[in-house]
Amino acid sequence: MVARTSARLGKIGHLAELLGRVPPAEAEIAIAYLSGELPQRQIGVGWRTLQDVPEPRQVATATLAEVDERLTAIKAQVGPGSHAAKKASVAELLGGVTRQEQTFLLRLLHGELRQGALEGVMIEAVAKAAGVPAAEVRRALTVRGWLPAVGAAALAGGVEALRGFTLEVGRPVAPMLAQSAADVAAALAKVGVPAALEWKLDGVRIQVHKSGGTVAVFTRTLDEITSQVPEVIEAALTLPAREAVLDGEAIALRLDGRPEPFQVTAARVASRTDVASARATTPLTAFFFDLLRLDGRDLLDLPGAERFAALEASLPASLLIPRLVTDVPAEGEAFFRDAVRHGHEGVVVKSLAGPYAAGRRGAGWVKVKPRHTLDLVVLAAEWGHGRRQGKLSNLHVGARDPETGGFVMLGKTFKGLTDALLTWQTARFLELAIGPTDSWVVTVRPELVVEVAFDGVQRSPRYPGGMALRFARVLRYRPDKRPDEADTVDTVRALMP
DNA sequence: TTCCGACAGTGGGGTCGCAAT
DNA sequence: ATTGCGACCCCACTATCGGAA
């Protein structure tokens with residue numbers, strides 16, 4: 001019903017009505033499921049485990065609490081034999097529910113609920129069901145980070161219960177996100193001048209919580225990585241502040257201070273088995289750009305300029321992100337070019353006045369990155385899902401190889417396509433198809449040239465040229481260009497770091 | 001009435017750790 | 001030893017709704 005209702009207010013109404021009927025003990029589970037999440041977060045079940053689903057039952061027997069218990073048990077199945085055990089448990093669970101419930105559970109477990117109601121809509125639904133302002137729910141969520149818990153509290157105790165949620169050292173806060181802009185001038189126009197510009201480092205976002213001698217480190221998705229980043233812990237422990245919540249970036253730097261490719265930083269942070277040797281070969285450096293709490297005082301609602309002043313006063317300069325405050329666009333442009341010249345991703349332009357909008361992609365922060373483009377050739381396309389069902393969506397694109405006269409695939413992209421373009425390209429690809437068109441991938445004669453934008457070229461173990469484009473997106477088709485006028489692999493190779 | 005902010009959806013490449021083969 | 005799978009690090013972009021202007 002929620003999925004069938006396209007109007008957002010309609011969805012909110014349906015969800016609120018549903019929440020009003022859920023027993024209090026199951027409210028948390030209901031809110032989690034309806035917004036596409038599991039209380040267990042991950043349970044080690046993916047698409048493979050969800051194949052070969054048994055026939056559902058005619059009548060419902062399972063309660064939400066029982067399903068939740070079973071999922072907890074499935075998560076706990078680890079070690080030898082766990083694949084088969086998980087598969088059996090999942091089959092048992094799915095075989096014990098009705099067809100409707102099974103469909104819902106399958107989508108939930110796949111992580112593709114697709115009913116147009118994730119956290120943003122659920123916040124409104126919780127507010128409506130509990131009879132509280134949505135702003136109160138949002139505020140509690142920013143400091144608690146887990147809507148089902150916040151929602152259950154709101155349903156049980158109203159505004160008073162929501163007011164009980166405060167920033168707690170040791171529990172991560174949803175990090176503030178940034179919008180993007182094409183250039184520094186556009187970014188300055190969005191946030192207003194004067195504004196702060198900071199280097200955008202191509203590393204891993206870190207939120208560091210220090211309380212006395214205890215330090216915890218979390219990622220953008222609030223996963224804890226404390227044990228993987230001892231350098232960050234040591235840095236936090238040297239700070240004079242007794243208690244602090246810091247926002248920043250961890251990145252692997254080379255000896256000359258230039259950044260390693262993102263792949264290197266990501267691999268380092270992901271390494272858990274031998275952190276000491278990983279650290280010896282690939283040390284991490286932490287840079288901080290925000291301070292959310294300092295010695296018992298919450299700073300979230302302070303203007304950006306004040307938060308940074310507090311940060312500056314609490315950290316050695318070596319831990320601070322390089323930053324410039326200006327109202328002159330040309331100075332901002334120069335700072336941006338300098339960041340790129342140092343090998344970094346670009347800059348983030350920040351409002352001096354705005355609060356720390358936890359969990360929001362507010363207009364207070366705007367990122368600017370340089371953009372590369374290439375004219376590439378479409379080699380194949382994949383059939384889309386969901387709202388792209390029936391449309392050839394995901395393009396395989398390649399560069400010309402002057403040696404062989406053929407084309408070398410550099411990656412896939414589905415971004416930047418409008419509905420009209422999807423319709424057009426589906427028809428065009430079917431005309432150009434080589435071989436079957438009902439297969440997952442439809443191979444086409446390499447005749448269409450497409451202009452693709454991307455952030456950079458990275459080493460690839462997957463593609464024959466050993467290179468792949470990062471964040472490729474379609475800008476437009478180039479009907480004025482023939483495939484033999486497309487860019488070559490040599491051009492791409494020259495862009496490798 | 002038009003504009004624009006926020007949200008949801010549609011997927012991308014790379015890497016690690018673990019279990020299965 | 002290698003492969004398959006799940007999880008998660010980075011992410012861009014369009015369509016849509018509904019409140020703001």
Side-chain angles (χ1 to χ4, degrees), chain A residues 3 5-12 35-36 41-50 77-86 109 111-124 138 177-180 190 201-206 219-223 225 228 249-251 261-274 278 345 357 359-363 367 369 371 382 384-389 391 393-397 410-422 452-463 467-475:
Chain A
T5 309
S6 71
R8 211 127 61 194
L9 293 179
K11 288 181 195 288
I12 290 165
S35 51
R41 293 206 64 172
Q42 328 85 349
I43 59 168
V45 169
W47 64 275
R48 194 62 221 253
T49 315
L50 294 171
Q77 291 172 324
V78 292
S82 63
H83 281 193
K86 271 181 197 285
L109 295 174
E112 300 179 333
L113 198 54
R114 289 177 176 149
Q115 58 178 10
L118 298 179
E119 197 172 83
V121 167
M122 185 55 71
I123 287 169
E124 305 283 338
R138 281 185 195 282
L177 307 174
Q179 298 182 347
S180 50
K190 274 193 179 185
L201 307 181
D202 197 5
V204 171
R205 185 85 175 262
I206 48 171
T219 65
R220 195 179 94 91
T221 49
L222 313 189
D223 292 291
I225 54 166
Q228 289 121 279
E249 192 91 0
I251 188 168
F262 172 73
Q263 285 153 303
V264 174
T265 294
R268 164 58 216 276
V269 172
S271 295
R272 281 172 291 171
T273 46
D274 188 359
E345 245 194 319
R360 321 288 306 269
R361 204 172 282 282
K367 57 187 165 186
K369 299 191 280 186
R371 192 188 75 174
E382 297 174 11
H385 295 89
R387 71 183 303 282
R388 292 191 175 187
Q389 186 90 41
K391 298 279 164 47
S393 169
N394 200 0
L395 305 181
H396 297 194
V397 293
L410 291 171
K412 307 180 187 181
T413 177
F414 52 88
K415 300 170 189 162
L417 300 165
T418 61
D419 286 359
L421 209 48
L422 282 165
V452 169
F454 58 99
D455 279 20
V457 181
Q458 56 191 5
R459 289 174 52 86
S460 171
R462 175 180 316 213
Y463 293 115
M467 308 181 285
L469 303 183
R470 191 157 180 226
F471 309 139
R473 59 268 189 192
V474 171
L475 292 181

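Below, read A as the first sequence line, B as the second, and so on, with proteins coming before strands; counting in each chain starts at 1.
A salt bridge does not link A:Lys391 to A:Asp419: none of the charged nitrogens lies less than 4.0 Å from a carboxylate oxygen. Under the 4.0 Å criterion applied to side-chain N and carboxylate O atoms, A:Arg138 and A:Glu124 are assigned as salt-bridge partners. The pair A:Lys367-A:Glu345 does not count as a salt bridge, with every side-chain nitrogen at least 4.0 angstrom from each carboxylate oxygen.
Between A:Arg462 and B:dG14, a side-chain N or O to OP1/OP2 separation shorter than 4.0 Å is present. The side chain of A:Gln77 contributes no N or O atom lying less than 4.0 Å from OP1 or OP2 of B:dA19. At least one side-chain nitrogen or oxygen of A:Trp47 sits closer than 4.0 Å to the OP1 or OP2 atom of C:dG6. Listed pair A:Arg387 / B:dG9 fails the phosphate criterion, with no side-chain N or O lying under 4.0 Å from OP1 or OP2. Within the structure, every side-chain polar atom (N or O) of A:Asn394 is placed at least 4.0 Å from both OP1 and OP2 of B:dT10. Between A:Gln458 and the phosphate of B:dG13, there is no side-chain N or O to OP1/OP2 separation shorter than 4.0 Å. A close approach under 4.0 Å does not occur between any side-chain nitrogen or oxygen of A:Arg371 and OP1 or OP2 of C:dA12. Taking 4.0 angstrom as the limit, A:Thr49 places a side-chain polar atom (N or O) nearer than this to OP1 or OP2 of C:dG6. Considering only side-chain N and O atoms, A:Lys367 lies under 4.0 angstrom from the phosphate OP1 or OP2 of C:dA12.
Both A:Arg272 and A:Arg388 sit near DNA chain B, but only A:Arg388 has its closest nucleotide nearer the 5' end. A residue-by-residue look at A:Ser6 and A:Glu345 shows that A:Glu345 has its nearest nucleotide of DNA chain C further toward the 5' end. Toward the 5' end of DNA chain C, the nearer of the two residues A:Phe262 and A:His83, judged by each one's closest nucleotide, is A:His83. Between A:Thr273 and A:Tyr463, the residue anchored closer to the 5' end of DNA chain B is A:Tyr463, taking for each the nucleotide with the nearest heavy atom.
Straight-line distance from the CZ atom of A:Arg138 to the P atom of B:dG5: 15 Å, rounded to whole Å. Taking atom CG on A:Asp455 and atom C1' on B:dG12, their separation rounds to 12 Å, with Å as the unit. The CD atom of A:Glu382 sits 13 Å away from the C1' atom of B:dG13 (whole-angstrom rounding). The distance from atom NE2 of A:His385 to atom P of B:dG12 is 9 Å, rounded to the nearest whole Å. Remark: C1' of C:dA12 and CZ of A:Phe471 are 8 Å apart, rounded to the nearest angstrom. Atom CD1 of A:Ile12 and atom C1' of C:dT16 are 13 Å apart (whole Å). As rounded to whole Å, 13 Å separates atom P of C:dA7 from atom CD of A:Glu112. In this entry the distance linking CG of A:Asp419 with C1' of B:dA8 reads 14 Å, nearest Å.
Across all strands shown, nothing is found opposite B:dC7 as a Watson-Crick or G-U wobble partner with both distances under 3.5 Å.
The closest side-chain heavy-atom distance from A:Lys412 to A:Glu382 is below 4.5 Å.
Cation-pi geometry between A:Arg470 and A:Phe262 is met: the NZ or CZ atom falls under 6.0 Å from the ring centre, inside 45° of the normal.
Within 4.0 Å (heavy atoms only), A:Val474 reaches no atom of the nucleic acid at all. Across all strands shown, A:Ser460 has heavy atoms under 4.0 Å from sugar-phosphate atoms exclusively, and none from any base. Looking at heavy-atom distances under 4.0 Å, A:Ala266 makes no contact with the nucleic acid at all.
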Problem set entry | Chi angles and distances behind the side chain to side chain contact (heavy atoms under 4.5 Å, CB included) call for A:Val457, A:Leu469 | CA-CA 5 Å; A:Val457 181; A:Leu469 303 183; 4.1 Å; yes
